[in-house]
Amino acid sequence: MSEMNIVDAVNDALHLEMEKDEDVMILGEDVGENEGVFRVTEGLLEKFGEERVRDTPLAESGIVGVSIGLGLYGMKPVAEIQFMGFMWPALDQLSSHASRYRNRSQGQLNVPMVLRAPYGGGVKALEHHSESFESVLAHIPGLKVVIPSTPKDAKGLMISSIRDPDPVVFLEPKKLYRAFKQDVPDGELVEEIGEARVVKEGEDITLVGWGAMVPKMVKAADHAAKENISVEVVDLRTIYPYDEETVHDSIRKTGRLLVVQEAHRTGGFASEIIARAADKELLSLKAPPKRSTGFDVPFPLYKMEDWAIPDVDRIVKKIRRLIEW
Amino acid sequence: MSEMNIVDAVNDALHLEMEKDEDVMILGEDVGENEGVFRVTEGLLEKFGEERVRDTPLAESGIVGVSIGLGLYGMKPVAEIQFMGFMWPALDQLSSHASRYRNRSQGQLNVPMVLRAPYGGGVKALEHHSESFESVLAHIPGLKVVIPSTPKDAKGLMISSIRDPDPVVFLEPKKLYRAFKQDVPDGELVEEIGEARVVKEGEDITLVGWGAMVPKMVKAADHAAKENISVEVVDLRTIYPYDEETVHDSIRKTGRLLVVQEAHRTGGFASEIIARAADKELLSLKAPPKRSTGFDVPFPLYKMEDWAIPDVDRIVKKIRRLIEW
Amino acid sequence: MDLEEHEPSSPKMHQVLDEEGELIGEEPDIEDDTLKDMYWWMFYARKADEKALKLQRQGRMGTFAPIKGQEAAQVGASTAMKDDDWFVPAFRELGAYLQRDVALEQNYKYFMGDARGNEIPGDVNNLPIAVPVSTQIPHAVGLAWGIKRDGGGKAVLTVFGDGATSEGDFHEGLNFAGVLNVPAVFFCQNNQWAISVPFEKQTNSETIAQKAHAYGFPGVFVDGNDVLAVHEVTKKALQRAREEEVPTLIEALTYRLSMHTTADDPTRYRSEEELKEWEEKDPIKRFRIYLEKKGIWTEDWQQELEKKAEDKIKEAVDAAENIEDPDPEEMFKYMFEVLPEDLKSQMEYLKRSLREKEIEEEKVEIEGGFP
Amino acid sequence: MDLEEHEPSSPKMHQVLDEEGELIGEEPDIEDDTLKDMYWWMFYARKADEKALKLQRQGRMGTFAPIKGQEAAQVGASTAMKDDDWFVPAFRELGAYLQRDVALEQNYKYFMGDARGNEIPGDVNNLPIAVPVSTQIPHAVGLAWGIKRDGGGKAVLTVFGDGATSEGDFHEGLNFAGVLNVPAVFFCQNNQWAISVPFEKQTNSETIAQKAHAYGFPGVFVDGNDVLAVHEVTKKALQRAREEEVPTLIEALTYRLSMHTTADDPTRYRSEEELKEWEEKDPIKRFRIYLEKKGIWTEDWQQELEKKAEDKIKEAVDAAENIEDPDPEEMFKYMFEVLPEDLKSQMEYLKRSLREKEIEEEKVEIEGGFP
Ligand SMILES: Cc1ncc(C[n+]2csc(CCOP(=O)(O)OP(=O)(O)O)c2C)c(N)n1
Ligand SMILES: Cc1ncc(C[n+]2csc(CCOP(=O)(O)OP(=O)(O)O)c2C)c(N)n1
Ligand SMILES: [Mg+2]
Ligand SMILES: [Mg+2]
């Protein structure tokens, strides 16, 4: 066991997989000499050399497109987009190709790539540095979308993502990068992609979220506990494939659902979760399934950013409303 | 009045607005000499000259980026993306800029552009020529997303879109381009952006859809009528801003909701509609709100395309299920 | 033709044959069998293309992009490749594809809307067709990087049109290639049109070849209707790529004699004179004259080829048309190595819905009558 | 320096002053007042930048991108513009912005996380800062196209870094400009680094200037630490744009003496020697020597400027720091000309939630303890 934050944990996973598998390569802007702007790729260039750890030109579509070619060749590229806000130019390559080569080629080809990006707000960043549009990725058939919220999950899921023969987008909640440490097993650690985790068990209401919303949900649950409301907290960890079973099991138990999402409200992944719950668990629901989300505005400059993200206060109030409903 | 199909109607709107307003310009691939691959820009180059109707290089991000500049300058560009599947490279310009300039500049600047694109399947097209990812656009704050399903709406909404001081993405269901004609008023015709239309009134269940799904919903309603099920059909016409009032009014009347969507299921706009209905109209719902949608696979080559799109049979069966629930 | 000596500011067009099929410089060092092969593939591709157009006009095939006029560019390039080089196509590639071991029936199936046409013979390093213009270029760079990491000795050839050079992916791909110094050859079939957009509205650059200068590697301008010139230039570029692991951009000037796709009507935007002019520059005719002078081409041989082509085309049509219907599972089964539960239930739903179908979808024909 | 005579294959760097501030060629034809202005804006920008760094280190400002070292490139270019030309910036633009009438307090507000800092004086044709690299370039082309449609007579200057030239939008924008022949000047501040990525890993091209050749218009290479050379070249390019409605690419070779942004530590990736070398090429020092020789710069005058800069900076800090808190409505009110119902209710929800807030958000600090 070692104490690690999320940055350490992803870094550890990269080191381990690169040692184990020669085909794993790192590429992206500033991932080499600078070791990533968040230092997630620390020590890799030094250990594995420029052959396997490569600073690229400033071109996101190029980074993803070239990674696809590497993947088709048989390499296992782990590419970085420096901030999720700069993933937009790469969406064409993701949706037109990375996600389709296996299908298009009748299973003959595959793209075993991982696309890493820090995402989300709360760190006083400049415009375009706080975006969360994971729902867009989840809407693209053929991509897996993994979002850890703890160091242990970050390590285990990164290892699984690298080993996955299909393309995985791996989003790292940068607000949590160094927010806390956790004991993480040394060496091999595998967490299954597509499995949600019940962070906290409860009886009265189910909170579902991912990324930087998870610790907020836990705090809200603590607050609610003081009011004798027992909250179950589910960390999705992967939004595609979506772990409906875990969420619906919980809804059947609690009868109430609140989805907490940092991203813009309209068309966010929360709506998918609620649509499924309303479809399949209507009779279990004792109150309307609700969302606490970001607003339908661009993520603001930092003086207003705390307003833009669901906070514990808002979550607790929605919990109360649902309980009292 | 003139009999028009959707191609004629959009073309008519473009002629009228270009005559009326010198600042309206047309740009895109093959929109000039060739008059658009679907002939939507017929007669425009001849009438207005290359100054105002311009074939561009093959570069979608460039088309949108340059249109933004034109809009900032005070022009009213109506740009075409040849098929929606090729809009992916332009999403960065749409989400990072077109949608943000007004907000970013504290209201000092605005981007009065229209981005047209044929979308959807059903015409035996090649790969990437049948895509529908309107939900992605609806998730980008600052864009309006308009999708007409009839010639009259196409004309009236195109005129409104051009006059709108904010960016509008205008998606044209190509399956319906020449599918039928309708009497359309000559000259000025304005349909409000953001207003759904009740295509057919009914008592037992509400069907909500847009684009090429609308005639399918109507046919399904006819089938259902033979079984004494009275179906209300709502054509959204605009997905952002979303006309919640019309949809929820209908749900309150019928107590049942089926959303029909051509796009991939997970994270499609149908889930947003259902999430809102479940949140606000839970008590009105006599059955779970359901979806009939495309699958979470890339739109297939044409031998399988009929399977990929919700059909009348599937819609009718879902209607029955909801009525019997 | 020394790639290193190339002068970026005013590329000259390289030719081996003139437009009458006369040798301009030295006799190229190509075996007769290879010359015969080249002719065969060009001719076969032309015939197969013509047949496809007929099939499409008869409603037996969907939209496709004819290659007529570009046979020299395609076959000249593909015959310069080695078997284990990688071929990364765009969407107008019948000539190169056939030569690269993709059976014609596969091509026909594909354009008949059948995904099974996308299967590539197992031992051939070809990628499937890429429809979004220029998006395949970075893939070629990635493959070439993979080769380089594995010690080199192979090269990647990617092909694209003049229109493709306007896209960001062209730029990003070539810039990566320059920096990474990978064994990739970027082959532009400049057929002077991108659907209805002529070259001079596509770019203000005099040539495509000179764009290589922006990426720090050579760009070569070659007569794309001269199969020998194309072959020579491509061969050198590939060799250089294999040996020195460096990229080259090749511009082959050619002309699309047919429509952009079967959905297109080129008379809307280009003149008959232009078409005529280029019909006279037919790359097959030009090569035939040369071969005839060399005593390789004879009427008898031509008859043989006609017969062979006819038979193969007939076989291909039969195979493509007499294939069993796709199984609904095909829409899902190649999505991931392991299918997620959700996709499995979508698949089951589709199967059930087809099994239990009651209402046949009618055509949308609400002429005038729709609300 | 004739733009038309430019030789794409081997651009030479244009200089007016040598690195010791000595005139190389002819005395440029610039009025003394303009020279003084140029010096003032460079000096003021330097001081304002240094102050920002202090504010950031004191926790009074967020992340920003220092301009130190690039003052000649910025001010040389912006002083070549006319008032009604359009300026389309990237994100490292303090020098040009100040010179283009954007009050320092606006810049400070912006980097203090206050959206109100983005307001531009009403009568100035400046766009706001563009953070996503190179994405503003097509906007400049669109503006220039608008100007052309309106009969010309104005020009657009857009600025960006060396890293920006790798992006697809750079390519698409310049290619459009070449084809449309619009009055846009593309000004690359090649400071040789894109965060930690050095020029030679950014592109294999020898210069950025030569990339213009791919788009069929001139590219000029200029010493970006020589404010007179920058000014001269930019002025010519803008004039040509205004008169002939044609584009130019300018590469100004300079160096970022400070960190990429305040979140960056350049010692991780570049050597002290390199930094030293470029500190000696300080563009302000170099210009001062020239001005001193001309009798324009004196110690007294410098004292005056110091005082003036200090006062203005103090004012700006006060104004930026003593601004009332933003109103929650500001997050919503500029979304559309008319706010949709849904956004109105989101706005009301935010206002209510702030009004009725009970639980203060604690910092996320689940050190080790989180599940
Ligand atoms: C990204 C993208 N935009 C638009 C299209 C539609 N389209 C198909 S081919 C084509 C023209 C391509 O021109 P060029 O690259 O010269 O190739 P050619 O067709 O001449 O072989 C266009 C616009 C597309 N397939 N992909
Ligand atoms: C599209 C995009 N990708 C990545 C970033 C993160 N980023 C900000 S500045 C920068 C480097 C820019 O280099 P250059 O263009 O040379 O400008 P400079 O910073 O040197 O002024 C990077 C990678 C960004 N802002 N936008
Ligand atoms: Mg072409
Ligand atoms: Mg730089």
Side-chain angles (χ1 to χ4, degrees), chain C residues 4-11 132-135 137-138 141 162-182 184 186 188 194 197-219 244-249 251, chain D residues 4-11 132-135 137-138 141 162-182 184 186 188 194 197-219 244-249 251:
Chain C
E4 287 300 356
E5 267 175 22
H6 163 75
E7 167 52 63
S9 52
S10 52
V133 166
S134 100
T135 52
I137 295 174
V141 176
D162 42 311
T165 65
S166 296
E167 288 278 5
D169 275 354
F170 165 85
H171 175 72
E172 298 189 11
L174 269 70
N175 190 51
F176 265 78
V179 170
L180 295 167
N181 238 355
V182 291
F186 303 98
C188 179
V197 180
F199 186 74
E200 61 279 12
K201 284 190 189 165
Q202 196 61 248
T203 181
N204 199 37
S205 176
E206 225 182 300
T207 62
I208 298 294
Q210 76 197 50
K211 292 179 188 275
H213 192 50
Y215 312 109
F217 54 78
E244 299 166 44
E245 293 176 357
V246 287
T248 305
L249 171 63
E251 171 184 6
Chain D
E4 288 301 354
E5 267 175 23
H6 163 73
E7 168 52 61
S9 52
S10 52
V133 167
S134 100
T135 53
I137 295 174
V141 176
D162 42 312
T165 66
S166 297
E167 287 278 5
D169 275 353
F170 164 84
H171 175 72
E172 298 189 10
L174 269 70
N175 190 51
F176 265 78
V179 170
L180 295 168
N181 236 356
V182 291
F186 303 98
C188 178
V197 180
F199 185 74
E200 62 277 13
K201 284 190 189 166
Q202 197 60 248
T203 181
N204 198 37
S205 175
E206 225 182 301
T207 63
I208 299 293
Q210 76 197 51
K211 291 179 189 276
H213 192 50
Y215 311 110
F217 55 77
E244 299 165 44
E245 294 176 358
V246 287
T248 306
L249 170 64
E251 171 184 7

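Computed from a prediction, not measured in an experiment: that's the story for all the values here. Letters A, B, ... mirror the listed sequences (proteins, then strands); counts begin at 1.
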**Q.** Pair C:Thr135, C:Asp169: side-chain N/O donor-acceptor within cut-off below 3.5 Å
**A.**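 The answer is no; no qualifying pair exists.
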Under 4.5 Å to a heavy atom of chain C? For D:Phe176 that would be neither
Heavy-atom contact with chain C under 4.5 Å, split by part of D:Glu200
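When you check distances to chain C, only backbone atoms of D:Glu200 fall under 4.5 Å.
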- Who wins among C:Asn181, C:Asn204, C:Thr203, C:Thr165 for the most heavy-atom pairs under 4.5 Å with chain D?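 When all of C:Asn181, C:Asn204, C:Thr203, C:Thr165 are compared, C:Asn204 has the most.
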ask   = Relative to the ring of D:Phe170, is the ring of D:Tyr215 parallel (under 30°), tilted (30 to 60°) or perpendicular (over 60°)?
value =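 Perpendicular: the ring planes of D:Tyr215 and D:Phe170 meet at over 60°.
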Would you check if the side chain of D:Glu251 reaches a backbone N or O of D:Cys188 as a donor-acceptor pair within less than 3.5 Å?
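No; judged by distance alone, with no hydrogens or angles, the pair does not exist.
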Keeping the roles fixed (side chain from D:Asn175, backbone from C:Gln202), state whether a donor-acceptor pair exists under 3.5 Å.
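Checked: pair present.
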Looking only at D:Lys201, D:His171, D:Glu172, the option with the highest number of non-hydrogen pairs under 4.5 Å against chain C is D:His171
